[in-house]
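Everything on this sheet refers to the single structure shown next.
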Amino acid sequence: MKIIVNRGFDKLFARIVIGKDAQKTISCPTQQDYYDLDTKKGEQIVVKLRYPSTFTYTIASIDADDDNQVYYICPTGLFKKWTALNYMLLPGICLLLFILKIAVPGLCDHIFAGSMALWALSLICMGFCQHFPLTRKNIFKTIRIWFRKFMNEIG
């Protein structure tokens, strides 16, 4: 079984920890996004992210069918859009409003303060959503890729 994890832009420093049947199997370094794993049918594979601050949370739980499976774990589309909003769009709007605030004093003071509060609130909510198991299911998705068995038969 091969497991490929797309951690996302905001989790670059997190390690991937893979456990098999409730035992820690491997802790991948921060540069490695995949791992080949020998599994048997019926084994429970748990994929977690571990941050340098020793905070760990589960992003996927997989029941192994056979050894020729490829699983791709990635952020959902909604979470990718939320990340783009938090790290690209809102900072740009805040910078633009800050420049307007300096250029024309008193014009955009309340709008700038509101946009900064919105950006901070969005970042805080994004951080808290990753701590709750119910919302974490909506952050990462697991995709089973079937072509590996076919590729092994060809060559």
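Given the structure is predicted, the values throughout are model-derived calculations rather than measurements.
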Considering only Ile, Leu, Val, Met, Phe, Trp and Tyr, and joining two whenever side-chain heavy atoms are under 4.5 Å apart, list the other residues clustered with L95. I99
The ring-ring contact (aromatic ring centres under 6.0 Å, His included) partners of Y87 (sequence neighbours excluded) come to F9
From L89 atom CG to T83 atom OG1, the distance as rounded to the nearest 0.5 Å: 13.0 Å
From CA spacing to verdict: side-chain contact (heavy atoms from CB on, under 4.5 Å), L49, V17: CA-CA 6 Å; L49 288 180; V17 178; over 6 Å; no
In the structure I gave you, are the side-chain heavy atoms of I139 and Y57 within less than 4.5 Å of one another anywhere? no
Just to verify, what does T58 make a side chain to side chain donor-acceptor pair (under 3.5 Å) with, not counting sequence neighbours? none
Could you tell me whether F55 atom CZ has more than 12 heavy atoms of other residues or ligands within 6.0 Å of it? yes
For residues 70-81, please give each side-chain donor-acceptor pair under 3.5 Å, one per line with the distance, not counting sequence neighbours.
residue : atom : partner : partner atom : Å
Y71     : OH   : R144    : NE           : 3.1
Y71     : OH   : R144    : NH2          : 3.0
Y72     : OH   : N6      : ND2          : 3.2
T76     : OG1  : F79     : N            : 3.4
T76     : OG1  : N138    : O            : 2.8

Output the distance between atom CD1 (I62) and atom CG (L37), rounded to the nearest 0.5 Å. 9.5 Å
Give, for atom CD1 of I18 and atom OH of Y35, the distance between the pair rounded to the nearest 0.5 Å. 7.0 Å
Given 3.5 Å as the limit, does a donor-acceptor pair link the side chain of D63 with the main chain of G42, or not? no
Sequence-distant partners of D109, side chain to side chain contact (heavy atoms under 4.5 Å, CB included), two or more places apart: K101
Can you confirm whether I102 is buried at CD1, in the sense that more than 12 heavy atoms of other residues, nucleotides or ligands lie under 6.0 Å from that atom? yes
Donor-acceptor pair, side chain of R7 and main chain of A14, under 3.5 angstrom: yes
Considering residues at least two apart in sequence or located in another chain, which fulfil the side chain to side chain donor-acceptor pair (under 3.5 Å) criterion with Q32? none
side-chain contact (heavy atoms from CB on, under 4.5 Å), that's the test. Do V5 and I59 meet it? Break it down for me. CA-CA 10 Å; V5 179; I59 59 172; 3.9 Å; yes
Using a side-chain heavy atom cutoff under 4.5 Å and only I, L, V, M, F, W and Y, what cluster partners does L107 have? V104
Over all atoms of both residues, closest heavy-atom pair of A103 and P105: O-CD, 3.6 Å
Among all residues two or more places apart in sequence or in another chain, which pass the side chain to side chain donor-acceptor pair (under 3.5 Å) test with R15? none
Please check if the number of heavy atoms outside Y51 that lie under 6.0 Å from its OH is greater than 12. yes
Please list, one pair per line, the donor and acceptor atoms closer than 3.5 Å that link side chains of residues 110-128 to other protein atoms, with sequence neighbours excluded.
residue : atom : partner : partner atom : Å
S115    : OG   : I111    : O            : 3.4
S115    : OG   : F112    : O            : 2.9
W119    : NE1  : N86     : O            : 2.8
S122    : OG   : W82     : NE1          : 3.0
S122    : OG   : N86     : OD1          : 2.4
S122    : OG   : N86     : ND2          : 3.4

Looking at every heavy atom in both L85 and P91, which two are closest together, and how far apart are they? O-CD, 4.0 Å
Separation of I3 CD1 from D36 CG (nearest 0.5 Å): 9.5 Å
